[in-house]
Amino acid sequence: MKESDSELKQGQIRFVLIHPTHPGNVGGVARAMKTMGVRQLTLVAPQVKLPNEEAIRRAAGAEDILYTADVHEDLDGAIKDCHLIIGTTARKRSIRWPQMTPEQAAEKLWDESRHGPVALLFGQERSGLANPEVERCHYLVRIPTNPDYSSLNLASAAQIMAYEVFLKRHSSLGTLQDVPRYADQESMHRFYRHLEEVLLDLDFPIARPPVILMRKLIRLFNRARLSEEELQILRGILSAVQQHVAKKS
Ligand code: SAH
């Protein structure tokens with residue numbers, strides 16, 4: 001693969017900052033990204049409004065990343081076209097979710113960015129990722145640290161992840177893994193709504209409360225990583241079940 005192809009592909013790796021509060025951190029992330037050739041920055045409901053002087057100062061020459069950053073009101077809007085979502089977290093979570101090392105995450109992001117946009121999520125400086133944000137993730141990554149002091153600065157975490165992507169990019173030129181076309185987030189959301197609808201049609205006892213069952217199902221399907229074709233098959237089955245229920249009632 002030519003270097004230019006590889007840069008094009010790397011454009012599909014999106015670093016998503018959720019509710020960042022400090023302009024300096026946003027600038028620091030832009031700098032971290034640019035040093036490693038990652039270009040696509042997305043901010044979700046930032047308290048920092050761009051352009052911001054402090055952010056530009058901390059970007060130190062990487063302000064082009066800030067000027068081209070996308071801003072979204074909510075996370076779903078920021079990742080709806082992504083088929084792989086990986087979340088970064090400083091702490092062990094109370095909800096159990098598949099884990100990866102930074103190196104494994106970089107490899108997955110790199111390999112799968114060939115088929116379209118993929119996202120790496122970073123949580124808010126003080127609170128990290130909230131549970132509904134974790135539920136959007138196929139995997140979580142924790143950068144190994146001193147167990148007694150595990151919380152890195154946002155820009156430092158972004159730097160380490162961007163560096164891992166950079167290493168992967170240079171070690172994998174010409175040796176990409178073959179990966180299927182996975183369904184994107186928007187299609188998965190439509191599928192979850194459809195599934196919930198069918199479970200209700202069937203009087204399936206999901207209301208205890210439904211959010212718990214749906215979280216388990218989302219975790220299952222995130223683990224399975226449905227291809228576009230598999231998702232179509234499941235949607236077809238759900239529709240057939242609905243038609244069958246409608247005929248009987
Ligand atoms: N108390 C928060 C810390 C937030 S630090 C928490 O426990 O998650 C801000 C963000 O930086 C985190 O949400 C995460 O995206 C990233 N980060 C910080 N330390 C990290 C680590 N050791 N591994 C992976 N990501 C980390």
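Indexing begins at 1, ligand by ligand and atom by atom, following the structure's order.
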| Which class fits the ring pair Phe221 and Phe191: parallel under 30°, tilted 30 to 60°, perpendicular over 60°? | perpendicular
| Which of the ligand 1 atoms, numbered from 1, are nearer than 4.0 Å to a heavy atom of Val141 | 24 (C)
| Who gets closest to atom 1 (N) of ligand 1 by heavy atom: Arg126, Arg91, Met161? | Arg126
| Which residue and non-hydrogen atom of the protein lie closest to atom 3 (C) of ligand 1, and at what distance in Å? | Ser151 OG, 3.3 Å
| query | Are any non-hydrogen side-chain atoms of Leu129 and Phe122 less than 4.5 angstrom apart? | reply | no
| Would a 4.5 Å heavy-atom cut-off, applied to side chains only, mark Leu140 and Val134 as touching? | yes
| Step-by-step side chain to side chain donor-acceptor pair (under 3.5 Å) determination, Glu125 to Thr21 | CA-CA 7 Å; Glu125 287 95 332; Thr21 53; 2.9 Å; yes
| Any side-chain heavy atom of Tyr182 sitting closer than 4.5 Å to one from His138? | no
| Can you find a heavy atom in the side chain of Asp64 that is under 4.5 Å from one in the side chain of Lys34? | yes
| Taking all atoms of both residues into account, what is the closest heavy-atom pair of Ile86 and Lys108, and its distance? | CD1-CB, 4.4 Å
| request: Would you mind finding which of Thr88, Leu121, Leu140, Asn146 brings a heavy atom closest to atom 25 (N) of ligand 1? | output: Thr88
| request: Please state whether the rings of Phe166 and Tyr163 are parallel, tilted or perpendicular, taking 30° and 60° as the class boundaries. | output: parallel
| request: Show which atoms of ligand 1 fall inside a sub-4.0 Å distance from at least one heavy-atom site of Gln124. | output: 4 (C), 9 (C)
| Taking the side chain as C-beta and beyond, is there a heavy-atom pair between Arg235 and Arg190 under 4.5 Å? | yes
| said: How far is atom 24 (C) of ligand 1 from the closest protein heavy atom, and which atom is that? | reply: Thr89 O, 3.2 Å
| query | Which protein heavy atom lies closest to atom 26 (C) of ligand 1, and at what distance to 0.1 Å? | reply | Ala157 CB, 3.8 Å
| Taking side chain as C-beta onward, heavy atoms only, is Glu112 less than 4.5 Å from His83? | yes
| Nearest-contact summary for atom 19 (N) of ligand 1 - protein heavy atom, Å | Leu152 N, 2.9 Å
| message | Students should be able to answer this: which protein heavy-atom is nearest to atom 12 (C) of ligand 1, and at what distance? | response | Gly123 N, 3.9 Å
| Is there any N or O on Asn153 that sits under 3.5 Å from an N or O of ligand 1? | no
| field | Ser150 N/O to ligand 1 N/O under 3.5 Å | value | yes
| Which of the ligand 1 atoms, numbered from 1, are nearer than 4.0 Å to a heavy atom of Thr145 | 22 (N)
| Among Ala155, Ala90, Pro102, which one has a heavy atom closest to atom 20 (C) of ligand 1? | Ala90
| note | Note: ligand 1 atoms sitting under 4.0 Å from heavy atoms of Phe122 are 15 (O)
| remark: Of Leu17, Leu129, Leu154, the residue with the heavy atom nearest atom 11 (O) of ligand 1 is Leu154
| note | protein heavy-atom neighbour closest to atom 4 (C) of ligand 1 works out as Glu125 O, 3.2 Å
| Tell me, which protein residue and heavy-atom name are nearest atom 23 (N) of ligand 1, and how many Å apart are they? | Ile143 N, 2.8 Å
| request: For residues Glu186 and Asp81, determine if any side-chain heavy atom of one lies less than 4.5 Å from a side-chain heavy atom of the other. | output: no
